[in-house]
Amino acid sequence: IAVIDTGIDKVHPMLQGKLINEKDFSDSGTPQDRLGHGTHVAGIVAGTKANNGLYDGVAPEAQLLNAKVFSDSTGQGRNLWLIDAISWAIQNNADVISMSLGSPSADPAVENAIKTAIDDGIVVVASSGNCGNGCPSSNCGSFRGVTSPGSSPNVISVGAVDKNKQVACFSSGENIQGVGIKPDIVAPGVDIKSSVPNNAYSSKSGTSMSAPHVSGAVALLLQRNPNLTHTDVKFILEETSIELGSLGKDTSYGSGMLDLSSALNFYSDLEFQVNFGQQVEINRPQHIEVQIFDDIQIVEVKGKIAKPDGS
């Protein structure tokens with residue numbers, strides 16, 4: 001799993017022996033985490049108790065690539081650093097890219113880098129941002145909505161919920177023109193305890209914390225079936241998510257909350273045929289016939305019809 005962030009403290013008990021490669025793409029001069037964000041994210045993704053760490057991450061056996069794209073001095077990143085980090089992750093055979101970061105404006109070059117990663121077989125996960133209408137981060141300024149790269153049509157965009165499965169007041173959601181509804185899914189992102197530098201632990205909130213929950217889940221899915229594509233994984237996560245909020249996909253919860261157990265037990269070896277008339281008339285009833293075949297008894301079938309924008 002490539003964690004593209006502020007760096008990782010690789011000697012932290014939760015993260016010892018986890019890094020297989022690291023590189024600083026910023027102007028900091030070291031891949032070490034001086035800001036604490038990347039180490040916290042890495043602990044959620046793949047932390048382990050094996051070396052006296054306090055917590056296990058979602059995928060404690062996963063290995064990590066540390067790509068640092070934030071300046072120690074300013075706390076800011078640059079799109080060029082992000083693009084280079086994505087390319088490096090591709091070169092280093094990442095299976096998953098996890099990005100807990102965001103900008104109000106999308107860069108076509110970043111989008112191209114993400115598409116290249118997905119075309120190369122990598123599953124790409126990004127936070128939806130903390131610019132929701134309820135209690136937006138001060139870093140958002142006047143911007144409200146989903147930040148880039150979480151706004152990309154290609155990534156698995158992740159929003160945040162609290163322990164009561166309520167959408168976090170800061171969690172970004174939006175029906176983006178030409179893209180559709182984001183986030184795609186939500187995961188825990190309020191008061192999440194994980195590793196921070198200098199052998200310490202801290203509780204943090206943000207979609208930055210929810211995205212690595214999904215990245216770890218993706219790693220477990222790929223461990224079970226390495227042949228899954230980015231599109232396969234996105235479908236499984238959304239299809240097995242716990243429905244929250246409005247029926248169907250919505251801008252608060254996406255398709256629902258991550259359900260790791262259901263995702264890992266997803267059974268997709270079905271054969272099916274969908275038949276309908278060659279001509280579809282607007283605002284008139286349509287007859288759709290679905291035939292499903294399996295080698296075991298089919299007890300129940302559920303279907304969902306969605307518009308091209310996902311609604």
Side-chain angles (χ1 to χ4, degrees), residues 1-10 15 18-46 63-120 122-131 137-141 143 146-158 172 196-197 204 206-209 211-212 214-215 230:
I1 304 171
V3 175
I4 301 180
D5 213 289
T6 65
I8 297 175
D9 180 3
K10 62 183 177 183
L15 299 168
K18 305 294 294 185
L19 268 64
I20 55 175
N21 205 349
E22 59 182 345
K23 187 171 182 178
D24 174 36
F25 295 91
S26 72
D27 57 9
S28 304
T30 173
Q32 172 65 21
D33 184 13
R34 307 297 187 196
L35 301 176
H37 191 273
T39 299
H40 197 273
V41 167
I44 297 169
V45 174
Q63 295 178 306
L64 297 173
L65 293 167
N66 171 21
K68 181 172 178 175
V69 295
F70 286 89
S71 170
D72 290 339
S73 59
T74 67
Q76 302 295 313
R78 297 178 183 174
N79 285 335
L80 181 60
W81 298 344
L82 177 57
I83 293 165
D84 288 345
I86 293 171
S87 297
W88 178 79
I90 296 171
Q91 294 164 10
N92 281 268
N93 302 312
D95 297 304
V96 185
I97 290 177
S98 186
M99 296 183 287
S100 290
L101 46 81
S103 168
S105 57
D107 183 339
V110 172
E111 182 60 43
N112 287 337
I114 290 170
K115 190 175 185 304
T116 299
I118 292 172
D119 290 344
D120 200 65
I122 300 174
V123 180
V124 182
V125 179
S127 54
S128 70
N130 301 328
C131 299
S137 167
S138 59
N139 294 328
C140 299
F143 177 79
V146 178
T147 54
S148 174
S151 59
S152 165
N154 296 306
V155 305
I156 300 172
S157 177
V158 188
S172 292
V196 291
K204 295 181 183 291
T207 57
S208 285
M209 284 65 253
V214 172
S215 298
H230 172 93

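- Lys204 pairs by the salt bridge (Lys or Arg N to Asp or Glu O under 4.0 Å) definition with nothing, not counting sequence neighbours.
- Minimum heavy-atom separation, Ser215 to Ser98: OG-OG, 2.7 Å.
- His230 and Val123 get closest at one heavy-atom pair: ND1-CA, 3.5 Å.
- Between Leu80 and Phe25, every side-chain heavy-atom pair lies at or beyond the 4.5 Å cut-off.
- Each of Val96, Ile20, Val45 was scored for a side-chain contact (heavy atoms from CB on, under 4.5 Å) with Leu64, with one residue passing: Val45.
- You'll find the side chain of Ile97 stays beyond 4.5 Å of the side chain of Val155, heavy atoms only.
- Looking at Lys23 and Leu65, their side chains never come closer than 4.5 Å, going by heavy atoms from C-beta outward.
- Considering only residues two or more places apart in sequence or on other chains, Asp119 meets the salt bridge (Lys or Arg N to Asp or Glu O under 4.0 Å) condition with Lys115.
- Judged by distance alone, the side chain of Asn66 and the main-chain N or O of Leu19 form no donor-acceptor pair under 3.5 Å.
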Test side chain to side chain contact (heavy atoms under 4.5 Å, CB included) applied to Lys68 and Glu22, step by step
CA-CA 8 Å; Lys68 181 172 178 175; Glu22 59 182 345; over 6 Å; no
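- With Ser127 contributing its side chain and Ala211 its backbone, the two residues share no donor-acceptor pair below 3.5 Å.
- Side-chain atoms of Leu101 and Pro149, non-hydrogen and from C-beta on, do get closer than 4.5 Å to each other.
- For the pair Ser105 and Phe143, the minimum side-chain heavy-atom distance is 4.5 Å or more.
- Counting only heavy atoms from C-beta outward, the side chains of Asp107 and Ser148 never approach each other to under 4.5 Å.
- Contact record, Gly38 with Thr6: N-OG1, 2.8 Å, taken as the closest heavy-atom pair.
- Side-chain atoms of Asp24 come within 3.5 Å of backbone atoms of Gly29 as a donor-acceptor pair (strictly under, hydrogens ignored).
- Within the 4.5 Å cutoff, the side chain of Val124 has no heavy atoms near those of the Ile86 side chain.
- Partners of Ser208 under the side chain to side chain donor-acceptor pair (under 3.5 Å) rule, at least two apart in sequence or in another chain, are His37.
- Closest approach of Ile83 to Ala109, counting heavy atoms only: CD1-CB, 3.5 Å.
- Under the side chain to side chain donor-acceptor pair (under 3.5 Å) criterion, Asn92 pairs with Asn21, sequence neighbours left out.
- In this model, a donor atom of one side chain and an acceptor atom of the other lie less than 3.5 Å apart for Asn130 and Thr207.
- By the salt bridge (Lys or Arg N to Asp or Glu O under 4.0 Å) test, Glu111 pairs with no residue at all, sequence neighbours left out.
- The side chain to side chain donor-acceptor pair (under 3.5 Å) check on Ser128 picks up nothing, with sequence neighbours excluded.
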Verdict with reasoning, Lys10 to Leu15, per side chain to side chain contact (heavy atoms under 4.5 Å, CB included)
CA-CA 6 Å; Lys10 62 183 177 183; Leu15 299 168; 5.8 Å; no
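- Here the side chain of Asp33 pairs a donor or acceptor atom with the backbone of Leu35 at under 3.5 angstrom.
- Summarising the geometry of Ala42 relative to Ile8, their closest heavy-atom pair is CB-CD1, 3.8 Å, with the distance given to 0.1 Å.
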Set out, in order, the CA-CA distance, both residues' side-chain angles and the distance that settles side chain to side chain contact (heavy atoms under 4.5 Å, CB included) for Ser26 and Phe70, then state yes or no.
CA-CA 6 Å; Ser26 72; Phe70 286 89; 5.8 Å; no
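- For Ser157 (side chain) and Gly150 (main-chain N/O), a donor-acceptor pair under 3.5 Å exists by modelled atom type.
- Within the 3.5 Å criterion, the main-chain N or O of Gly102 finds no donor-acceptor partner in the side chain of Thr147.
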I'd like to know whether Met99 forms a side chain to side chain contact (heavy atoms under 4.5 Å, CB included) with Ile114, so could you lay out the CA-CA distance, the side-chain angles of the two residues, the decisive distance to 0.1 Å, and finally the verdict.
CA-CA 11 Å; Met99 296 183 287; Ile114 290 170; 4.2 Å; yes
